[in-house]
Structure formats: structure tokens, C-alpha cells
Amino acid sequence: MGFTSAIEIEDTIVAIGSSTTPAARGAVRFSGADVMTITRQLGINPTSERSAHCVEGTINLGSPLGEIPVRALVWPTPGSYTGQPSLEIHTFGSMPILSAIVGRAIELGARAARPGEFTLRAFLAGRLDLTQAEAVLGVIEAEGRGSLDHALRQLAGNLSRPMEFMRSQLLDLLADVEAGLDFVDEDIQFISDDDLVARLDSIRSTLAMTREQLTQRTRDKSQWIIALRGLPNAGKSRLLNVLAGHEAAIVADQAGTTRDVVSVPMQWGDHNVMLVDTAGIETADGDSSLEQISHQAQLQADRAGREADIRLWCVDHASPGWEATCRAMHQLADEKRRPAIDLWVATKCDSLGDSPSDSTPSHPPAPDPWIRTSALTGAGIESLRQQITAAIESLDASEGVSVLGTAARCTGSLRAAETAIASAIDYVGGGDGHEYVSSELRLAASALGEVTGAVYTDDILDRVFSRFCIGK
Ligand SMILES: Nc1nc2c(ncn2[C@@H]2O[C@H](COP(=O)(O)OP(=O)(O)OP(=O)(O)O)[C@@H](O)[C@H]2O)c(=O)[nH]1
Ligand SMILES: [Mg+2]
């Protein structure tokens, strides 16, 4: 089915916009020319014809549901998400009630929305470009912080802005080349061949880089990096050795033993992982002579933490300042927040004189989400392993599934644009007529336009929006 051809864009559409599983609140969404009329026919009285507002009211759904209290968010003008008068009715999250509202709206002339049709309208109204529409899908489907982060960045235009910029540069060059064609008999050039080649070359390499980044996102993640972080002497190195199954890192009583980052590649079930031991996090008052080394070690450790997919924050459970240290680690993790999973590991639980399953009154057990472990007795290590595996699997599953859709869709267009630019460069170099150059530049600009949807076809829209669910 062709989306644009099948669609009557002025139709007023309606759908349940909230989750279809039971929830406290639910929403029914409307968009289209007749929204204001239907709103009134439902018994809700908008208080403004000009600005977005919220009104309380009731809808009579007849027997057996009766009068239902609702809150209506009304966008009377094209200033809404979809670029059309829009309405959202918020009420109890009960399917019979929400479905009855949809049914009532259909009786009043609305039509049931197709999958992604609200977002499609936002796209057609110029509110979003295609990569952002896909990011909306990414946000809806995000399962982990990693995928949510990708989707939000894409929604913020991280991909489309540079694409649009490159496309507009290409169009400028195209204009120069074509203007030159009009004056070819007078031998007037609007841009020198050298300049043209240099600018095309720079666009081509930026495109290649973007494509490479996108491909990296689609590739199966080949290795998961797990970094151990914590204060000096927290027991990171010993824990790493236990997880690795051999003495990869030096363990000593002395705080500040680990300096260089120690990386241990290993197979973790079906996954390749790299365990990374780091220098303990120094507090500000580090002492003199070792300061330089220490500074380097801190920078390296910090980088390892930033690059990690999973971070194990280790705190010595037997240390006196345990609670304060936990708070400090949480704070650090927040500051360094990026798409990574943080696991909280209480170490040396054996030195409390008991097993991780019980506690002494003076030292309360580590609360959730702290995983209590002892590298000495092996207690809690299996549970840590399981949580790491679960983390890897959640990252694996959530690596931006839908935003990956953008990558898959766009790499072909990017490649086409690169090829066309390369041919244009060849034509300039070969002294061929600029007619050829101009036609290649046109091809390149249109391929880039497909990425953001500046140039779109039914087929592209189909591919993007059919992946949405109804109501979005
Ligand atoms: N009782 C007990 N001691 C441990 C455990 N884990 C580590 N230790 C001891 O704590 C001390 C520090 O351990 P490391 O693993 O070197 O600590 P680290 O966090 O790597 O320290 P730095 O490299 O200095 O940052 C050593 O004496 C270890 O033997 C444990 O589970 N139980
Ligand atoms: Mg160490």
C-alpha cells in the first residue's frame, strides 16, 4: 500500500495513544480538520480557538459505561505535533473505556488511524524529518538506556543536521556549476575546477565517515567492555582475577597498586568481553611525588570508564566509610552518565566475619542494588556473573533496534551519494563537460535528500511508517 496515495491527509484520525496493557491512565489521540467539531460533539467545550489548552469535562459513553470524567488537551490550530488541529483525551487506562471513546469518535466521522499515521503527519507538516520520525519509533521501543540515548540524540537532529548541511552545500555547488553552463560560450566559471574538486572531496569524506559510523551501529557488537571502578584498595584487581579465572592483575594491600589499565579479553557465554581493571579513584588530596603518575593513571582510568559498556562500581563493604563511599560512587556514575549499564558491587563481604547472606548489627547488609561479593570465598560471584550476563543481553537486545532502522535505510543512500560525487570528481578531472558533473551532483543531492526525507517516495514512507504501531 502506498502511504501518501492511500492517505487523505485532512481526514480526522483517532486512535488509542497509550499502552494497550492495563494502566492507571490512558489517552485517545485525534488529529485532522474536524477535530474541533468532534471535540464539541463529544461534549467537551474547548475554551480557546487559538491556543493549546487543557479542559476538564465528561464524555457520555452510553450504557453501561455512562459518564466518564476526562481531561482534554486541545490544540485548535496547526501549531500541534501533527501540524493539524489535535486533541488528546486523557482518562482511565481501561481498554473498554478507551475503545468506546474511539468508537464514539468514529460514529462522529473520524477514521481509525493507521500505524504511524500521527508521526507521518508530523513529517508531512515538516515538524520532523525522516530520521527523526524513526527516532520517535526508537524512543517508543527503547528498552535500555543505550537505545533511548541513541534515539533521543537522533531526535535532536544529530544525524539529519549534518545531512541537510551537506545537501545544501551540494545544491550550492550545483548552482555554481549550472550557472557556468549558461555562460559556457563566454568562458565564465563561477567556481574553479580545483575549488570544486576540493569541496566535493571534503563532502565525500564526511559522507564516508558518517556511513562508517552508521554501519558500526548495525554491526553485531563484537566485544563488550566491562570496566571495574572504585576507590583504591576496593578489591577491584582481585575481583577481576576471579572473574577472569587467572591472575591477570597485581593484588596488594597497598592502596594505589593498579596504575596502568589492565585489559583481559575473554569469552563470556556467547559473548566476547573485555574485562578492564583501572586505577582506584583518587580523592583530591593525593600526595606529591607520585602525583604525575597518579594523574596519568586517573586519566586512563577515567577514559576506560567512559568507554565501557558495563561498569562495575566496587566498594569495600567492610570499610568504615561504606555508606558515604556508596553515595560518592553513585554520584560519580551519574556525572559520567552515558549509554552504559552500572552494576554496584559490595566487595570483601567475608571480612565482616560473615557470609554475604547474613549481617552483623553494626554493619547492615548492603542494600539493593548492591551485589555482595567476596573474591576470597567466592560468595556472590555467581550472582555477579549472572547480572553481568543479563546486562550484556539487555544491551545486545536494545542496541537501538529501531534507530538501527535508520542506519539500514540510509547506508544505501549515503553510498549512492558518495558514488555520484566520486563520478563528478572524475568528470571534472577528465575535463569532461560540466553537464555530466551537474547530473551527478543532482543524483548525490537527491540521495542525501532521501536520508532526511527532503526527497521521499511512497516506498520510503512505507518502509519507515509501517514499522510504527497504531496511535503513534
Ligand atoms: N578479605 C578479603 N580481602 C580482599 C578481597 N578482595 C581484595 N582483598 C584484599 O584487599 C586488598 C586490595 O585488593 P586489590 O584487589 O589490590 O584492590 P584494588 O581495588 O585493585 O586496589 P588498587 O589497585 O590499589 O586501586 C588486597 O590485600 C586484597 O587481598 C576479598 O574479597 N576479601
Ligand atoms: Mg588494583
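Every number for a ligand or one of its atoms is a count from 1 in the order of the listing. Values reported hereafter were calculated over all heavy atoms of this structure, with side chains retained and with hydrogens, waters and symmetry mates removed.
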**Q** Of all the non-hydrogen atoms in the protein, which one sits nearest to atom 27 (O) of ligand 1, and at what distance?
**A**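 Among all protein heavy atoms, the one nearest atom 27 (O) of ligand 1 is D253 OD1, 2.6 Å.
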**Q** List the steps, then state whether side-chain hydrogen bond (donor to acceptor under 3.5 Å, both in side chains) holds for D277 with S237.
**A** CA-CA 6 Å; D277 189 16; S237 299; 2.5 Å; yes
**Q** List ligand 1 atoms under 4.0 Å from D350, heavy atoms only on the residue side.
**A**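 Atoms satisfying the 4.0 Å criterion: 1 (N), 2 (C), 30 (C), 31 (O), 32 (N).
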**Q** May I ask you to decide if S319's main-chain N or O and K348's side chain share a donor-acceptor pair within less than 3.5 Å?
**A**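 Answer holds: no.
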**Q** What atoms of ligand 1 come closer than 4.0 angstrom to any heavy atom of V251?
**A**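 Under 4.0 Å from V251, ligand 1 has these atoms: 13 (O), 14 (P), 15 (O), 16 (O), 26 (C), 28 (C), 29 (O).
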**Q** State whether the side chain of T278 and the backbone N or O of L228 hold a donor-acceptor pair below 3.5 Å, judged by distance alone.
**A**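 Side chain of T278 to backbone of L228: a pair is present.
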**Q** Kindly say whether I225 contributes a backbone atom to a donor-acceptor pair with the side chain of D309 at under 3.5 angstrom?
**A**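 Yes; at least one donor-acceptor contact below 3.5 Å.
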**Q** Below 3.5 Å, N or O to N or O, backbone or side chain included: is there any such pair between A375 and ligand 1?
**A**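 N/O-N/O distance below 3.5 Å exists for this pair.
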**Q** Should T347 be listed as contacting ligand 1, given a heavy-atom distance under 4.0 Å as the test?
**A**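 It does not, in that no heavy atom of T347 comes within the 4.0 Å cut-off of ligand 1.
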**Q** Which donor-acceptor pairs under 3.5 Å do side chains of residues 164-172 form with protein atoms, sequence neighbours excluded?
**A**
unit_1 : atom_1 : unit_2 : atom_2 : d
E164   : OE2    : T452   : OG1    : 2.8
R167   : NE     : A445   : O      : 3.3
S168   : OG     : F165   : O      : 3.1

**Q** Judging by distance only, is a nitrogen or oxygen of G256 under 3.5 angstrom from one on ligand 1?
**A**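 N/O-N/O distance below 3.5 Å exists for this pair.
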**Q** When the ring planes of W313 and W344 are compared, do they come out parallel, tilted or perpendicular, using 30° and 60° as the limits?
**A**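 It falls in the parallel class, under 30°.
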**Q** Please could you name the atoms of ligand 1 that L376 approaches to less than 4.0 Å, counting only its heavy atoms?
**A**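 Once the distances to L376 are compared, the set is 1 (N), 30 (C), 31 (O), 32 (N).
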**Q** Give the atom numbers and elements of ligand 1 that come within less than 4.0 Å of a heavy atom of G280.
**A**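 The list of qualifying atoms is 25 (O).
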**Q** Please check this pair: side chain of T206 against backbone of S202, looking for a donor-acceptor N/O pair closer than 3.5 Å.
**A**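 Checking the backbone N and O of S202 against the side chain of T206, a donor-acceptor pair under 3.5 Å is found.
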**Q** Could you go through residues 241-250 and list every donor-acceptor pair under 3.5 Å that involves a side-chain atom there, pairing it with any protein atom two or more places apart or in another chain?
**A**
unit_1 : atom_1 : unit_2 : atom_2 : d
N241   : OD1    : A248   : N      : 2.9
N241   : OD1    : A249   : N      : 2.9
N241   : ND2    : A249   : O      : 2.9
H246   : ND1    : A244   : O      : 3.4

**Q** Could you establish whether A255 and ligand 1 come within less than 4.0 Å of each other, counting only heavy atoms on the residue side?
**A**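 A heavy atom of A255 does come that close to ligand 1.
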**Q** Side chain of Q267, backbone of V273: donor and acceptor closer than 3.5 Å?
**A**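 Not confirmed, Q267 side chain does not pair with V273 backbone.
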**Q** Give me the nearest non-hydrogen protein atom to atom 6 (N) of ligand 1 as residue plus atom name, then the distance to 0.1 Å.
**A**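 Looking only at protein heavy atoms, the one closest to atom 6 (N) of ligand 1 is R238 CD, 3.5 Å.
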**Q** For atom 20 (O) of ligand 1, which protein heavy atom lies nearest, and how many Å away is it?
**A**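 Among all protein heavy atoms, the one nearest atom 20 (O) of ligand 1 is S237 OG, 2.7 Å.
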**Q** Please confirm whether Q254 approaches ligand 1 to less than 4.0 Å, judged on its heavy atoms.
**A**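 Yes; Q254 lies near enough to ligand 1 that a heavy-atom distance drops under 4.0 Å.
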**Q** Going by the rule salt bridge (Lys or Arg N to Asp or Glu O under 4.0 Å), which residues pair with R385 if we only count those two or more places apart in sequence or in a different chain?
**A**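 In terms of salt bridge (Lys or Arg N to Asp or Glu O under 4.0 Å), with neighbours along the sequence ignored, R385 is linked to E382.
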**Q** Using a strict 4.0 Å cut-off to heavy atoms of G235, name the atoms of ligand 1 that fall inside it.
**A**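 Under 4.0 Å from G235, ligand 1 has these atoms: 7 (C), 13 (O), 14 (P), 15 (O), 17 (O), 18 (P), 19 (O).
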**Q** Can you pull out the closest protein heavy atom to atom 25 (O) of ligand 1? Residue, atom name and distance to 0.1 Å, please.
**A**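 The answer is K236 NZ, 2.8 Å.
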**Q** Can an N or O of T258 be found at a distance shorter than 3.5 Å from an N or O of ligand 1?
**A**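 Right, the criterion is met.
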**Q** Using a strict 4.0 Å cut-off to heavy atoms of S374, name the atoms of ligand 1 that fall inside it.
**A**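 Those of ligand 1 that fall under 4.0 Å from S374 are 31 (O).
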**Q** Using modelled atom types and a 3.5 Å cut-off, is there a donor and acceptor pairing between side-chain atoms of T411 and backbone atoms of R211?
**A**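 Here the side-chain-to-backbone pair does not exist.
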**Q** If we ignore hydrogens and angles and just use 3.5 Å, is the side chain of Q300 paired with the main-chain N or O of A297 as donor and acceptor?
**A**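 Side chain of Q300 to backbone of A297: no pair is present.
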**Q** Under 3.5 Å, is there a donor-acceptor pair between the side chain of T347 and the main chain of V315?
**A**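 Checked: pair present.
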**Q** Distances under 2.8 Å only: what protein N/O/S atoms are near the Mg ion (ligand 2), ordered by chain and residue?
**A**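 S237 OG, T258 OG1, with waters left out.
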**Q** Answer yes or no: does atom CZ of R25 have more than 12 heavy-atom neighbours from other residues, nucleotides or ligands under 6.0 Å?
**A**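 Counting other residues, nucleotides and ligands, CZ of R25 exceeds 12 neighbours.
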**Q** Would a distance-only check, ignoring hydrogens and angles, find a side-chain to backbone donor-acceptor pair under 3.5 Å from N272 to M266?
**A**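 Between the backbone of M266 and the side chain of N272 there is no qualifying donor-acceptor contact (under 3.5 Å).
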**Q** Polar contacts were defined as any N/O atom of the residue lying under 3.5 Å from an N/O atom of the ligand; does this apply to N233 and ligand 1?
**A**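 N/O-N/O distance below 3.5 Å exists for this pair.
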**Q** Which protein non-hydrogen atom lies closest to atom 8 (N) of ligand 1, naming both residue and atom, and how far is it?
**A**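 For this ligand atom, the closest protein heavy atom is K348 CE, 3.7 Å.
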**Q** Report the member of A346, A379, A252 with the shortest heavy-atom distance to atom 16 (O) of ligand 1.
**A**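 Looking at heavy atoms only, the winner is A252.
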